[in-house]
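Ligands are counted one by one from 1 in listed order, and the atoms in each one are counted from 1 as well.
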Amino acid sequence: MTRYVYPEALAILEPHADVDYHDSRDGLDSAALRARVTGVDAIVSQLTDPITPEIMDAAPRLKVIANVAVGFDNVDVGAAMERGVLVTNTPGILTEATADFTWALMLAAARRVPEADRFVRDGRWRQWEIDLLCGQDVHGKTLGIVGPGRIGRAVARRAAGFDMRILCHGRSSLPDDMDAEAVSLDALLASSDIVSLHVPLTPQTHHLIGARELALMKPDALLVNTARGPVVDEGALAEALASGRPGAAALDVFEDEPRVDARLLECPDVVLAPHLASASGATRMRMCTMASESVVDVLNGRQPPHIVNG
Ligand code: GLV
């Protein structure tokens with residue numbers, strides 16, 4: 001186990017394995033991790049641990065990498081495939097929490113909640129004013145879902161209560177009982193008031209949203225990213241916001257976490273969070289226990305339910 005996990009996850013593994021637990025919030029650097037994995041059958045990794053071919057080669061007995069996340073861009077899945085190592089993730093259980101947080105960001109950015117909070121705390125509230133901290137409506141607007149997979153669909157489902165028109169773009173389509181139009185990415189960007197990203201990070205989605213795409217967005221539009229930072233060209237976004245198109249952004253993920261572009265830190269039209277979308281206590285604990293369960297399955301010759309390279 002590469003770093004601190006909820007204790008319940010350790011308790012699941014202990015009856016089945018000798019656990020080498022790096023019980024720290026700070027990960028191991030590549031050399032330290034290589035030294036630590038030499039005899040292991042399984043690695044429980046987190047999204048902050050790059051699991052490279054070198055790490056795999058340092059662990060000749062390795063059978064499974066159980067990543068405590070739905071995303072697995074930190075694991076070289078191709079290299080795992082070549083070495084016959086299974087990679088598992090934790091999908092499903094974090095869908096609703098992630099969708100909830102996407103909405104929290106959307107509403108916070110559109111209605112300027114963090115700015116309002118700072119305003120009150122700073123003692124700047126003098127009186128009620130007719131145009132004080134006015135934001136954008138969310139209800140009745142057009143929501144564009146880029147990547148209508150499990151999480152994208154959960155975000156779209158919540159939009160029903162806000163009377164929104166829904167556009168979507170991606171490999172999957174939204175279910176027939178959901179009133180949504182499948183459109184090209186360009187059409188989605190040009191027509192949506194809120195664009196929410198829910199694609200995995202792959203070579204195809206790296207910088208999917210760059211300067212050209214941002215320039216297609218409406219001037220008042222809001223870009224929400226709870227997927228992976230590198231899906232958006234962060235430098236291009238900082239420039240686009242400075243030039244007023246799109247009007248705002250709500251970002252939970254960044255290109256080089258935990259570093260955030262200084263221009264975004266200074267921009268009042270950006271709401272920032274430190275990669276929290278799945279972070280309800282119950283969800284994060286379940287992610288940890290699910291990863292342990294996957295390892296127990298493999299150690300006992302069973303097929304774990306969520307193999308990403310099988
Ligand atoms: C979190 O970002 C995850 O991929 O689970």
Side-chain angles (χ1 to χ4, degrees), residues 1-6 8-9 25-27 43-52 64-77 80 86-106 145-155 170-172 196-209 223-232 234 249-260 271-295 304-310:
M1 291 180 132
T2 56
R3 57 180 78 213
Y4 174 79
V5 288
Y6 279 72
E8 290 81 352
R25 302 198 176 245
D26 297 319
I43 298 176
V44 175
S45 55
Q46 297 189 27
L47 57 87
T48 33
D49 303 313
I51 307 295
T52 59
V64 60
I65 300 161
N67 206 42
V68 185
V70 66
F72 46 86
D73 45 279
N74 58 306
V75 180
D76 189 329
V77 172
L86 295 178
V87 180
T88 66
N89 67 341
T90 63
I93 49 173
L94 48 73
T95 301
E96 303 303 326
T98 304
D100 286 351
F101 195 76
T102 303
W103 270 88
L105 285 181
M106 250 187 233
I145 303 281
V146 180
R150 274 181 296 256
I151 297 171
R153 282 184 232 158
V155 170
R171 280 182 309 169
S172 10
S196 193
L197 306 176
H198 301 287
V199 290
L201 176 60
T202 64
Q204 291 73 38
T205 62
H206 183 266
H207 284 191
L208 180 70
I209 306 297
L223 178 71
V224 184
N225 190 6
T226 53
R228 280 293 183 270
V231 172
V232 177
E234 208 167 288
L251 307 171
D252 184 44
V253 287
F254 302 87
E255 281 208 75
D256 182 24
E257 295 174 8
R259 199 191 66 81
V260 179
V271 173
L272 304 164
H275 203 145
L276 291 182
S278 63
S280 74
T283 296
R284 284 283 171 86
M285 184 181 77
R286 186 68 192 106
M287 289 163 67
C288 295
T289 57
M290 186 181 249
S292 285
E293 287 162 9
S294 296
V295 170
H306 303 292
I307 301 174
V308 301
N309 62 344

Put together the list of close N/O pairs, under 3.5 Å, between ligand 1 and the protein, could you?
| unit_1 | atom_1 | unit_2 | atom_2 | d |
| --- | --- | --- | --- | --- |
| ligand 1 | 2 (O) | Arg228 | NH1 | 2.7 |
| ligand 1 | 2 (O) | Arg228 | NH2 | 3.4 |
| ligand 1 | 2 (O) | His275 | NE2 | 2.6 |
| ligand 1 | 4 (O) | Val70 | N | 3.3 |
| ligand 1 | 4 (O) | Gly71 | N | 2.8 |
| ligand 1 | 4 (O) | Arg228 | NH1 | 3.4 |
| ligand 1 | 4 (O) | Arg228 | NH2 | 2.7 |
| ligand 1 | 5 (O) | Val70 | N | 2.8 |

Criterion side chain to side chain donor-acceptor pair (under 3.5 Å) on Ser45 and Asn67, from CA distance to verdict:
CA-CA 5 Å; Ser45 55; Asn67 206 42; 2.7 Å; yes
Pairing residues for Arg153 by the side-chain hydrogen bond (donor to acceptor under 3.5 Å, both in side chains) criterion, not counting sequence neighbours
none
Thr283 and Ser278: side-chain donor and acceptor closer than 3.5 Å?
no
What residues, two or more places apart in sequence or in another chain, satisfy salt bridge (Lys or Arg N to Asp or Glu O under 4.0 Å) together with Asp26?
none
Could you check Glu293 against His306 for side chain to side chain donor-acceptor pair (under 3.5 Å), going step by step and ending with a plain yes or no?
CA-CA 11 Å; Glu293 287 162 9; His306 303 292; over 6 Å; no
For Arg25, salt bridge (Lys or Arg N to Asp or Glu O under 4.0 Å) partners two or more places apart:
none
